[in-house]
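Working notes, beginning with the structure itself.
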Amino acid sequence: MKKEQKDFSYYQLKLQEHIEASFPEKLEDTKFISQRARWAANAYEGAFRSGNGVHKCDEIADYILYEGLHFSKYDSLFDVLTNEFTDLFFDFEYRDFALKIVPICAEVFAKYDLTDDFAYSNDYDLLYTELTGFIAIWIEKNGIQ
């Protein structure tokens, strides 16, 4: 029982760190984080009991832990801001502004099928360009505050 709890805590912390870095808009969803961590811990234990090696068990648990959490709208916006709008922000402002405009850019993101491997597709370049234009127009209209 104690080992199972340790595994759960490990996966919960691991997922929280990932969400904080790439999906800060989901950080308050503690139910999601706990549920996903529990699933990953159970998957690891099940894979181990089935005779899989530690590396394979980790792979299975990570697949469950991070499913649907590879492509990040926030990371995409952060990249656009830090690459295309360097003259408008101080380094410490990018994160807050990216988080602020995630919901504002929803209509742009809605045009694309944002799968886990979307960042490696040809459509990512189109999204990047569209986000750049959308953000430029939005800032011109609303300012950065």
Side-chain angles (χ1 to χ4, degrees), residues 1-135 138-139 142 144-145:
M1 183 71 168
K2 202 169 197 169
K3 180 184 181 290
E4 188 175 310
Q5 184 63 37
K6 179 183 174 197
D7 291 341
F8 168 74
S9 298
Y10 168 77
Y11 289 111
Q12 187 173 23
L13 216 118
K14 193 173 176 181
L15 184 57
Q16 282 175 326
E17 288 175 356
H18 180 68
I19 286 176
E20 186 175 342
S22 296
F23 297 88
E25 70 277 10
K26 293 181 183 269
L27 202 52
E28 300 300 316
D29 193 349
T30 56
K31 183 179 176 184
F32 169 79
I33 294 168
S34 294
Q35 183 179 43
R36 190 63 73 88
R38 194 171 325 288
W39 290 349
N42 289 340
Y44 181 95
E45 185 159 335
F48 188 77
R49 287 183 182 187
S50 295
N52 291 288
V54 172
H55 179 69
K56 184 66 176 175
C57 294
D58 283 337
E59 189 178 295
I60 291 167
D62 283 350
Y63 178 83
I64 290 170
L65 191 66
Y66 297 123
E67 184 179 11
L69 297 173
H70 294 285
F71 177 79
S72 165
K73 294 175 185 178
Y74 168 81
D75 283 346
S76 298
L77 289 167
F78 189 86
D79 287 346
V80 168
L81 292 170
T82 57
N83 292 321
E84 308 299 331
F85 297 92
T86 56
D87 56 334
L88 296 181
F89 297 96
F90 293 109
D91 287 344
F92 62 88
E93 294 176 312
Y94 289 116
R95 181 175 169 81
D96 290 341
F97 191 77
L99 190 55
K100 174 183 174 178
I101 62 170
V102 167
I104 295 167
C105 295
E107 66 185 62
V108 177
F109 286 114
K111 297 176 186 177
Y112 298 90
D113 184 22
L114 303 176
T115 60
D116 276 348
D117 58 353
F118 180 76
Y120 309 106
S121 72
N122 293 333
D123 284 345
Y124 179 77
D125 292 337
L126 296 173
L127 173 64
Y128 185 96
T129 302
E130 193 170 347
L131 284 172
T132 302
F134 183 87
I135 293 168
W138 192 88
I139 289 174
N142 300 291
I144 57 173
Q145 300 301 342

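Below, all heavy atoms of this structure are taken into account, side chains as well, without hydrogens, waters or symmetry copies.
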Which distance, rounded to the nearest 0.5 Å, do you find between the NZ of Lys56 and the CG of Asp58?
-> 11.5 Å

What pairs with Glu84 under side-chain hydrogen bond (donor to acceptor under 3.5 Å, both in side chains), at least two apart in sequence or on another chain?
-> Tyr128

Of all heavy-atom pairs between His70 and Phe23, which one has the smallest distance, and what is that distance?
-> N-CZ, 4.2 Å

Is there side-chain contact between Arg49 and Glu45, with at least one heavy-atom pair below 4.5 Å?
-> yes

Taken in chain and number order and not counting sequence neighbours, the residues that satisfy side-chain contact (heavy atoms from CB on, under 4.5 Å) with Asp62 are Tyr11, Lys14, Leu65, Tyr66

Counterpart residues, side-chain contact (heavy atoms from CB on, under 4.5 Å), relative to Phe89 (two or more places apart) = Leu81, Phe85, Glu93, Tyr94, Phe97, Ile139, Ile144

Nearest 0.5 Å, what's the OG-CD distance between Ser22 and Glu17?
-> 11.5 Å

Closest contact, heavy atoms only, Asn52 versus Ala47 | ND2-O, 2.9 Å

Please confirm whether the backbone N or O of Asn83 pairs with a side-chain atom of Thr86, one donor and one acceptor, at under 3.5 Å?
-> no

Supply the atom-to-atom distance Ile60 CD1 to His55 NE2, rounded to the nearest 0.5 angstrom.
-> 10.5 Å

Donor-acceptor contact below 3.5 Å, side chain Arg38 vs main chain Phe8 | no

Any side-chain heavy-atom pair of Lys31 and Asp29 under 4.5 Å = yes

Does the side chain of Tyr63 reach to within under 4.5 Å of the side chain of Glu67, using non-hydrogen atoms?
-> yes

Does Asn122 CG have over 12 foreign heavy atoms under 6.0 Å away?
-> no

Residue list, side-chain hydrogen bond (donor to acceptor under 3.5 Å, both in side chains) with Lys100, at least two apart or on another chain = none

Distance col, row Tyr120:OH vs Phe71:CZ, nearest 0.5 angstrom, shows 10.5 Å

Partners passing side-chain hydrogen bond (donor to acceptor under 3.5 Å, both in side chains) against Asp116 (at least two apart in sequence or in another chain) = none

State, to 0.1 Å, how close Ala43 and Ile64 come at their nearest heavy-atom pair, and which atoms those are.
-> CB-CD1, 3.3 Å

Between Lys26 and Ile33 the two heavy atoms that sit nearest each other are O-CD1, 4.3 Å

Output, in order, the C-alpha distance, side-chain angles, deciding distance and verdict of side chain to side chain contact (heavy atoms under 4.5 Å, CB included) for Tyr112 and Leu126.
-> CA-CA 10 Å; Tyr112 298 90; Leu126 296 173; 3.7 Å; yes

Report the distance from atom CG of Leu77 to atom CZ of Phe134, rounding to the nearest 0.5 Å.
-> 9.5 Å

Can you see which heavy atom on Gln12 is nearest to which on Ser34, and at what distance?
-> NE2-OG, 3.3 Å

Please confirm whether the backbone N or O of Tyr74 pairs with a side-chain atom of Ser72, one donor and one acceptor, at under 3.5 Å?
-> yes

The complete set of salt bridge (Lys or Arg N to Asp or Glu O under 4.0 Å) pairs with one or both residues in residues 122-135, sequence neighbours excluded, reads Lys111-Glu130

Write down the atom of Arg36, the atom of Leu69, and the distance for their closest heavy-atom approach.
-> NH1-CD1, 4.2 Å

Please round to the nearest 0.5 Å and tell me the distance separating atom CG of Leu131 and atom OH of Tyr124.
-> 8.0 Å

